Amino acid sequence: MLKVGLVGVGGISGAHIPAWEAMQDTELVALCDIRPERLEPYPGKRHYSDFEEMLQREKLDILDICLPTYLHVDFAVKAMEKGIHVICEKPISLREQDIERAYSTAHRMHVHFMIAQVLRFWPEYEFVKEVYETQKYGRLLSGSMARLGGYPKWSWDGWMMDEKRSGLVPYDLHIHDLDFIVYAFGTPCDVTRNRARTPKQDYISATYSFPDFFIHTEASWYAAPLPFSASFRFQFEDALLLWERGKCLVYQNDGQIFDLSQDGQGDTGSINLPKSDAYANEIRYFTDCVQRGCFPDKVKPEQLQTVVRMLNAF
Ligand SMILES: NC(=O)c1ccc[n+]([C@@H]2O[C@H](COP(=O)([O-])OP(=O)(O)OC[C@H]3O[C@@H](n4cnc5c(N)ncnc54)[C@H](O)[C@@H]3O)[C@@H](O)[C@H]2O)c1
């Protein structure tokens, strides 16, 4: 049984903790957060407000980092120096040099390290990658990806609204779509970027060009309280793939429509997507890598470098 600790019991830990709890071959034994009230809902775990103390007292196999972005690499390096495998929330860092620092520590200490870029484990996005690679619907012609919502006023100490700590919309939100683009299609050959920003809102639009297609993207923290939504539309020669409001649809040029949604009632035939939670998928994948002793290479450092370099241009 692998022993797991988690640090940063804020918003996203609400997706990680249930995923760990559902696993049969790991045990989430310890939680750490500087706000004691965040630990109260988990009476069955050992609680820490000091990360160093958790590292000293616990014999952890895996650390899950759900801290604010600017703390990711320092905390990851400290844990890896103690021989602990680390899975860490996105983004790795706002600074390119941190990527080398984290990976070289992992290799020197012979531990596993992975940034949890969740779209790489999201069935609807995996489906797009598969359709692109197999050319099931012919060549890709264009794509459109969006992540829109209001300003994130809820974060601890307002860290998300502080550019130095979060990197704002490019690093916090748009990174999901750009990371998927680099993962699925490779490095774009050209980019055009636009940004509309005031102290109270941040909107970006970017078009990533490849030799045969382009992907238009947008991401926002509007001052208006727009409910969050993520969506995509991919135009292939023979079909349009669409994901919107949790529904994934394939509109074939021949008139057939397939609903791939997990709760889809349509005539889905054999192309129904697996019912799965992408956060649980990434945690399962990382744990399998630890157990098998193979480095988690689904998220490659050179891809993270490309993404951070491109985000730096905003
Ligand atoms: N993959 C996704 O879909 C997704 C979604 C949201 C956030 N995230 C990422 O997850 C990370 C955390 O975001 P969040 O929304 O949960 O933030 P949050 O502000 O809700 O939570 C951060 C937590 O860290 C705690 N903390 C701060 N400093 C600490 C320290 N030194 N020691 C221990 N605890 C400390 C805070 O008290 C807080 O509870 C960010 O990097 C963000 O980009 C990913």
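Worth knowing before you read on, the calculation uses all heavy atoms, side chains too, and leaves out hydrogens, waters and symmetry mates. Predicted model only: the values in this text are computed from it and were never measured. Numbers for residues simply follow the sequence, beginning at 1. As the structure lists them, so they are numbered: ligands from 1, and atoms in each ligand from 1.
The N/O atoms of Asp33, backbone and side chain alike, include one that comes under 3.5 Å of an N/O atom in ligand 1. For the pair Gly11 and ligand 1, the shortest N or O to N or O distance falls below 3.5 Å. Polar contact with ligand 1: absent for Trp154 (N/O pair, distance under 3.5 Å). Note: an N/O pair closer than 3.5 Å links Trp156 and ligand 1 by distance alone.
Annotation for ligand 1: atoms under 4.0 Å from non-hydrogen atoms of Phe75 are 31 (N). Distances below 4.0 Å separate heavy atoms of Pro91 from the following atoms of ligand 1: 43 (O). Residue His72 has at least one heavy-atom neighbour below 4.0 Å for each of these atoms of ligand 1: 41 (O). Counting atoms of ligand 1 from 1 in the listed order, those under 4.0 Å from a heavy atom of His176 are 1 (N), 2 (C), 3 (O). The contact set between ligand 1 and Val9, taken as ligand atoms under 4.0 Å from a residue heavy atom, comprises 39 (O). Per-residue contacts place Ser155 under 4.0 angstrom from the following atoms of ligand 1 (heavy atoms of the residue considered): 19 (O). Listed by atom number, the atoms of ligand 1 under 4.0 Å from Met160 heavy atoms are 15 (O).
In this structure, Phe121 has its ring center under 6.0 Å from that of Tyr285. Aromatic rings of Phe213 and Phe185 (six-membered ring for Trp) have centroids within the 6.0 Å cut-off, being under it. Checked against the 6.0 Å centroid criterion, the rings of His47 and Tyr42 do not qualify as a close aromatic pair. Taking the six-membered ring wherever Trp is involved, the centroid distance between the rings of Phe51 and Phe75 falls below 6.0 Å.
Listed by first and then second residue, the salt bridge (Lys or Arg N to Asp or Glu O under 4.0 Å) pairs involving residues 165-191 are Lys90-Asp172, Arg120-Asp179, Arg147-Asp177, Asp157-Arg165, Asp162-Arg165 (not counting sequence neighbours). The stretch residues 6-23 participates, sequence neighbours left out, in these salt bridge (Lys or Arg N to Asp or Glu O under 4.0 Å) pairs: Glu21-Lys45.
Of all protein heavy atoms, the one lying nearest to atom 22 (C) of ligand 1 is Pro68 CD, 3.7 Å. Scanning the protein heavy atoms around atom 11 (C) of ligand 1, the nearest turns out to be Leu67 O, 3.2 Å. Among protein heavy atoms, the minimum distance from atom 21 (O) of ligand 1 is reached at Gly10 CA, 3.2 Å. Shortest contact from atom 13 (O) of ligand 1 to any protein heavy atom: Trp159 CZ2, 3.7 Å.
Contact annotation: for Ser49 versus ligand 1, there are no heavy atoms closer than 4.0 Å. The residue Trp122 has no part lying near ligand 1, judged by heavy-atom distances below 4.0 Å.
Contact between Tyr279 and ligand 1 is present, with at least one heavy atom of the residue lying under 4.0 Å from the ligand.
Relative to the six-membered ring of Tyr132, Lys129 misses at least one condition, a distance below 6.0 Å or an angle of at most 45° to the axis.
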Report task. Go through the steps for Arg197 and Glu163 under the test side chain to side chain contact (heavy atoms under 4.5 Å, CB included), then give the verdict. Result -> CA-CA 12 Å; Arg197 188 178 155 197; Glu163 183 164 23; 2.9 Å; yes
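By heavy-atom distance, the residue among Lys90, Glu89, Arg35, Arg147 lying nearest atom 43 (O) of ligand 1 is Lys90. For the residues Asp172, Leu71, Leu6, Ile12, the heavy atom positioned nearest atom 16 (O) of ligand 1 is part of Ile12. Around atom 28 (N) of ligand 1, the closest heavy atom drawn from Val7, Ile34, Ile65 belongs to Ile34.
When all heavy atoms are compared, the tightest approach of Met160 to Leu168 is O-CD2, 3.6 Å.
Between the His72 side chain and the Pro91 main chain, a donor and an acceptor come within less than 3.5 Å of each other.
Between Tyr125 and Trp243, the ring planes are perpendicular. Angles over 60° get that label, and only those under 30° would be called parallel. A tilted orientation is assigned to the rings of Phe295 and His112, their planes being inclined by 30° to 60°.
Counting only N and O atoms by type, the side chains of Tyr48 and Glu58 include a donor and acceptor under 3.5 Å apart.
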